[in-house]
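Here is the structure we will look at, set down as structure tokens.
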Amino acid sequence: MDWLWAAMKESDVFGWETFIDDWFFVFSLAFLAFELLRYLFKKKLSWALMGDTVVNYLTLFMFIFVNLALLAVLYISAYSWASQFAVFDIGINWATIAVCIILADIAYYWEHRFMHKVNLGWATHSVHHSSPYFNISVAYRFGPMDGLFPIFFHMPLILLGFNPFVVFFSEKFVQIFQTALHTEAVKKFPRPIEAIFNTPSHHRVHHASNRKYLDSNYAGIFIIWDRLFGTFVREDEKVVYGLVTPIPEIKTFGDFLAAPFVAFFHGFWRLGKNVLTAKGFKNKWMYMFGTPSWKPKD
Amino acid sequence: MPSPSKAALFTGLLVTAGIFIGGAYAASYMAEPITDAQRDFQYDDYMPSLAPGGNDVAPDTPAVPVYETKAQTNLAEYPVKETTSSQNQAVSSSQTLRQPVAQERAETGLNVTITNTRNAVGKVYVLVFADAAAYKSYDYTKAVGYAELQAGTHNLMASFPELNDGPYAVMILHDEDGNQDLTLDSQGYPAEGYGTSNAKTKYDDLSFAKAAIKPGKTSVKMHYLQ
Ligand SMILES: [Zn+2]
């Protein structure tokens, strides 16, 4: 087990991140092909589904553009600045990376819960939930500011002394794990796995618009956080994917051309409209920082 | 889902904070503190705009290890008294903020104090050479130590914990105009501050053997011709 304790360099960690991220993307494309074939055999493959799949990757491109143009600078400067105030000095090896992944998973839980329960977060995260389908391409459907909120929620790890590259690796690891859960092809795993880990079954519930499934299963890797903090719901009725108030379906070619932009900006469009038209400071504030279910009294 | 009570949310966050601090504390025993050799990503190289005062170091940055971290540069701005008090040692390296392994490390290596910098404009470069030829030809690609400090009128400090052998010759340069070189005037005399270890006056042009110092604490004075 020497490898577990062998000191690693920042560039090693970064190299592993790139390796895993890139090859997982290749795997996900192959898996998508398998899923589409599966839908074909089940006679569930439609132009709307194909169009939605393309839209997912187009939002990914827009997301990457926003990240490179704005958020990467903020991310790196915030982490490198904060790391000088670190409490502990935590070296880099696989053992400390493993601990960091577990902690990053809790950070992800709260970040994800925040994105669902606060309008500002929901404006960007609702993009991810706006697909009426559930396959691995949906995992790559991102909103414009999806890269912003993780910075705040993972900052405690930097301040506690984890190396910024280790934190970055852990964030991405949690995200990649969760990407793999976006599928209908896997029903349920054996019970011990379903008890501890987040699984496709648990995550289908998270993507559901069924009333009993709302606001549940925020987990990244471990479902135990949902069980611990009271947000766990089991999958026992058929899931209807998407938003409670859905965005327009893709029916015509014109819809398809508009769809990437509709999907990418609909959350901030809704947020902006609500905040601007609301009367009084309190209502504007609540439309910004209240929960999405909040409505003005009159 | 019924919406959770405020108390449940508060307890949840408290539990999370506990797991975070406990986890980080445990992790701090799972690995030795990070050494400079492990930090091979310099954020400034990848994010030019992040470097204090913009980054003009990009194309011909010396291909030598950069021992200074951001934190050290900031700490170097603390005024340093010319004593050997323990406080002095404490500010000589950011590593000492992180007890106790690093504290031993700060006692070793080469610690350079730069005195007499006349203003806070631009950067102060510190180069450490271990061989006479590189020193004489001012070949910074063969320097064994390199540090880049924000200029300031107080004493500046640069730590090179790895430099334990010696002899070394230290060269300093106050790059006020930001061209990463010693600017000369029309007559070919230095227009910016410069200095060498062991130099007594601004006219001292020392050979490597004369400038050579042992590892430990050393003080180098910045000189200006004009
Ligand atoms: Zn979600």
Side-chain angles (χ1 to χ4, degrees), chain A residues 4-14 72-73 75-77 79-81 83-100 102-103 106-107 109-110 113 117 156-157 159-166 211-216 225 228-233 291 293, chain B residues 1-5 7-52 69-75 93-103 105:
Chain A
L4 195 59
W5 309 102
M8 290 166 73
K9 290 176 159 196
E10 287 179 341
S11 57
D12 297 337
V13 180
F14 192 70
V73 174
Y75 185 94
I76 297 175
S77 52
Y79 278 11
S80 56
W81 175 77
S83 61
Q84 62 183 306
F85 305 112
V87 181
F88 303 108
D89 190 344
I90 302 171
I92 310 174
N93 60 30
W94 283 114
T96 61
I97 290 174
V99 174
C100 191
I102 295 170
L103 302 190
I106 313 184
Y109 169 86
W110 287 106
R113 192 164 160 175
K117 298 306 278 182
L157 298 177
L159 292 172
L160 281 169
F162 286 98
N163 182 277
F165 284 89
V166 173
R211 227 191 132 62
K212 67 173 291 192
Y213 288 158
L214 290 180
D215 298 328
S216 60
W225 312 126
L228 194 60
F229 303 134
T231 49
F232 176 70
V233 177
T291 65
S293 58
Chain B
M1 279 304 293
S3 77
S5 70
L9 199 63
F10 182 74
T11 316
L13 288 167
L14 215 63
V15 169
T16 302
I19 299 174
F20 265 40
I21 295 168
Y25 185 69
S28 70
Y29 285 98
M30 292 181 180
E32 290 289 306
I34 299 166
T35 62
D36 291 327
Q38 283 169 272
R39 286 186 207 281
D40 37 11
F41 273 94
Q42 292 298 315
Y43 296 103
D44 298 356
D45 296 348
Y46 293 87
M47 281 290 135
S49 56
L50 295 180
T69 64
K70 269 215 163 73
Q72 283 172 324
T73 316
N74 289 342
L75 284 163
S93 162
S94 70
Q95 302 293 336
T96 51
L97 283 177
R98 296 158 181 190
Q99 309 293 326
V101 181
Q103 196 133 37
R105 209 154 16 115

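What you see is a predicted model, and the numbers here were worked out from it, not measured in a lab.
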Practice problem: Measure the spacing between CG of B:L9 and CZ of A:R113 and express it to the nearest 0.5 Å. | Solution: 5.5 Å
Quiz prompt | Distance-minimising heavy-atom pair for A:N93 and B:M30 | solution = ND2-O, 2.8 Å
Quiz item: Between OH of A:Y109 and OG1 of B:T16, what distance do you get to the nearest 0.5 Å?
Solution: 8.5 Å
Self-check item: side-chain contact (heavy atoms from CB on, under 4.5 Å) against B:I19, all qualifying residues, sequence neighbours excluded
Solution: A:L103, A:I106, A:W225, B:V15
Exercise. List the atom of B:A31, the atom of A:T96, and the distance in Å for their closest heavy-atom pair.
Key: CB-CG2, 3.9 Å
Quiz item: Between B:A24 and A:L160, what is the shortest heavy-atom contact and its length?
Solution: CB-CB, 3.7 Å
Exercise. Answer with side chain, backbone, both or neither: which region of A:A107 has an atom nearer than 4.5 Å to a non-hydrogen atom of chain B?
Key: both
Quiz prompt | Segment of B:Y25 engaging chain A (4.5 angstrom heavy-atom cut-off) | solution = both
